[in-house]
Amino acid sequence: MAAEPTAQQLTAQHRPTLDRALEVIRTRAYWSPHPEHPKAYGENGSLDLAAGKAAFDALLGTRLDLGQPGTDDWVGGETSPYGVELGVSYPHADLDVLLPAMRAGMRAWRDAGAETRAMVCLEILKRISDRTLEFAHAVMHTSGQAFMMAFQAGGPHAQDRGLEAVAYAYAEQVRTPDTAEWTKPQGKRDPLALTKRFTPVPRGIGLVVGCNTFPTWNGYPGLFASLATGNAVLVKPHPRAVLPLALTVQVARQVLAEAGFDPNLVALAAERPGEGIAKALATRPEIRIVDYTGSTEFGDWLEANARQAQVYTEKAGVNTVVVESVGDYKGMLANLAFSLSLYSGQMCTTPQNLLIPRDGITTDQGPKSFDEVVADLAQAVDGLLGDDTRAAGLLGALVNPGVKDRLEAAGGLGEVALASRAITHPEFPDAVVRTPVIVKLDGAKPDAEAAYMNECFGPVSFAVAVDSATDAAELLRRTVREKGAMTVGAYTTSPEFEEQVREVCLEEAAQLSLNLTGGVYVNQTAAFSDFHGSGGNPAANAALTDAAFVANRFRVVEVRQEA
């Protein structure tokens, strides 16, 4: 049996990783300690891929006993968007028992200090990374992502975001020294001398309210930011996506116990079907931090009602791409086609509105009318998804029936430039797989505004005809100001218009991508370099990840005495 790791051993193993993370959040350069290809995990290539699938299969139909106090029932009921019944059951908690048990371990966790907490968090991430192939299947069969996306976004990219949060948390905690000797001259009298000690003190218990589409990618920043700053963390997964976060909690509890801390510092709050415990949890006095990803409606409710807690929300926005002129028309079409198709548009960063002057645009292939641009984009999407097997690997499955309903209703909102079609998944015939729909709208008509000024989550895009590029910039401004945006894209060969769009995004605090025509897409962000959201418009009140995301999860308490 392996010896339990000491704090010194964890530091020797993980301090170089933390130091590198601290460096790259300063330089914003590319770096990832977690490989992006499945065959990098283990030593046996495809055999390890099979082992990951086997580990996932072994979970099906089992009871995931986490050893938590206060378990009063066993709950479950997840069904994969690919049609697989998971059959995993999870502990249901009596919160009046579990929450006091979580608080009991916080003193020792606080006193351990920022570095030890960071090292334990990095060990948790290392153990999760070792099981990435297993986690990939768990993410795939709860979110509907295709395997490669579930592997990358749910595995290494999520782990990168968790490590990024730990790095920011550590940096903010050590900004203030542990001790200081304070001496104030008093002229001819003896100087005043004090010894001062400064301790980062956690707020309390953090609540992570998980989402269905990206349970680990969106869950890890809040989880690790709170844990690294000394808080206990209660994870409340989305009822359709419990397994990836339950496995995360399992790993965290194992590492905490082995490192000599109370495993109840991290716990799971699974719920019965229809129980809806998030509201009751978020307003309990023990909950002092809330991290939430999901609908604007519930995010707004949390911000208004969880008054005892520091609330971090990522809600919904209306992401917009402005097409004014293009220097690489073919590259633009390919880039946008991929962006609209990836994971069936079920990303909070997927473009929805494409604003195009009704008189057309200039391109390297000559002038293109509004109708030509839309038709060419439709053709590019069609070409990308023409082969059903390739399409299934890019689209994944629709995560829930609501997405399918919105997709089917979108065709009635305007002229359909690209109709959605059903695809039969080669491995999972029960999966609901649909290609995107593109609908043309006249931006000057009030009935069209009701469509494009609201989020239509899923594989739905609106090509909106506007009177001019200036009108496009102003509509972009109004959209971000009123509805928010996680991402903005723009295509232009005009320095003047580029500056106009840049200024809109700076004033409205929206993250902007300009003239993307290669292998980087508007709906993808890189940990340690890109900020996900800004916290400055209605789509989100926080950014993943920056200093503001971690700094208010703890306070610094001073004890001073005469030297």
Side-chain angles (χ1 to χ4, degrees), residues 99 102 106 117 121 124-125 128 154 157-169 172 202-239 241-242 244-246 248-249 252 265-271 277-284 286-316 348 486 525 527 531-535 539-554:
L99 291 175
M102 295 183 71
M106 286 183 59
R117 288 193 295 269
C121 286
I124 295 170
L125 286 164
I128 292 171
H157 296 171
Q159 296 154 22
D160 284 350
R161 285 294 184 188
L163 173 55
E164 181 183 41
V166 173
Y168 272 104
E172 291 306 306
R203 281 185 170 271
I205 298 175
L207 173 67
V208 174
V209 182
C211 69
N212 195 173
T213 48
F214 289 89
T216 55
W217 198 99
N218 279 108
Y220 283 6
L223 192 166
F224 284 100
S226 286
L227 192 61
T229 49
N231 303 278
V233 182
L234 181 62
V235 179
K236 204 296 290 182
H238 191 283
V242 182
L245 290 177
T248 301
V249 170
L265 287 165
V266 179
L268 185 77
E271 55 193 318
I277 62 174
K279 281 188 176 181
L281 263 178
T283 51
R284 286 188 67 118
E286 302 97 328
I287 300 299
R288 302 304 303 276
I289 303 165
V290 177
D291 286 279
Y292 168 76
T293 301
S295 72
T296 296
E297 180 182 14
F298 190 56
D300 289 345
W301 186 93
L302 286 171
E303 291 171 7
N305 291 280
R307 303 298 297 274
Q308 86 293 348
Q310 183 71 27
V311 177
Y312 300 90
T313 59
E314 181 194 311
K315 300 175 288 188
C348 62
M486 295 299 293
T525 58
F531 293 111
H532 177 75
S534 71
N541 74 358
L544 302 179
T545 304
D546 61 4
F549 185 70
V550 301
N552 216 10
R553 295 173 191 263
F554 69 95

Just wondering, do [Y] and [X] contact through their side chains at under 4.5 Å, heavy atoms?
{"X": "Asn218", "Y": "Leu544", "result": "yes"}
{"X": "Met102", "Y": "Glu286", "result": "no"}
{"X": "Pro221", "Y": "Glu164", "result": "no"}
{"X": "Phe214", "Y": "Arg161", "result": "no"}

Quick check for you: to the nearest 0.5 Å, what is the distance between [X] atom [atom1] and [Y] atom [atom2]?
{"X": "Leu125", "Y": "Gln159", "atom1": "CG", "atom2": "CD", "result": "6.5 Å"}
{"X": "Cys211", "Y": "Asp291", "atom1": "SG", "atom2": "CG", "result": "11.5 Å"}
{"X": "Leu207", "Y": "Leu99", "atom1": "CG", "atom2": "CG", "result": "9.5 Å"}
{"X": "Lys315", "Y": "Met486", "atom1": "NZ", "atom2": "CE", "result": "11.0 Å"}
{"X": "Leu163", "Y": "Ile124", "atom1": "CG", "atom2": "CD1", "result": "12.5 Å"}
{"X": "Leu227", "Y": "Arg553", "atom1": "CG", "atom2": "CZ", "result": "11.0 Å"}

Taking [Y]'s backbone N and O only, do any of them form a donor-acceptor pair with [X]'s side chain (distance below 3.5 Å, no angle check)?
{"X": "Asn231", "Y": "Gly204", "value": "yes"}
{"X": "Thr229", "Y": "Ser226", "value": "yes"}
{"X": "Asn541", "Y": "Val311", "value": "yes"}
{"X": "Arg288", "Y": "Gln310", "value": "no"}
{"X": "Thr296", "Y": "Ala316", "value": "yes"}

Side chain to side chain contact (heavy atoms under 4.5 Å, CB included) evaluation trace for Ile128 with Thr248: CA-CA 7 Å; Ile128 292 171; Thr248 301; 3.9 Å; yes
Pair Tyr168 and Phe549, ring centroids less than 6.0 Å apart: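 Here the rings of Phe549 and Tyr168 have centres that are no less than 6.0 Å from each other.
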If I compare all heavy atoms of [X] with all of [Y], which pair ends up nearest, and what's the gap?
{"X": "Tyr312", "Y": "Ala542", "answer": "CD2-CB, 3.8 Å"}
{"X": "Leu302", "Y": "Ala282", "answer": "CD2-CB, 3.4 Å"}
{"X": "Ala278", "Y": "Lys236", "answer": "CB-CE, 4.1 Å"}
{"X": "Gly219", "Y": "Val208", "answer": "O-CG1, 4.0 Å"}
{"X": "Ala269", "Y": "Leu281", "answer": "CB-CD1, 4.1 Å"}
{"X": "Leu245", "Y": "Pro215", "answer": "CD2-O, 3.4 Å"}

Mutual orientation of the aromatic rings belonging to Tyr220 and Phe224 [parallel < 30°, tilted 30-60°, perpendicular > 60°]: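 Because their plane-to-plane angle is over 60°, the rings of Tyr220 and Phe224 count as perpendicular.
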Flag for Asn552-Arg203: side-chain donor and acceptor within less than 3.5 Å: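 Side chains of Arg203 and Asn552: pair found under 3.5 Å.
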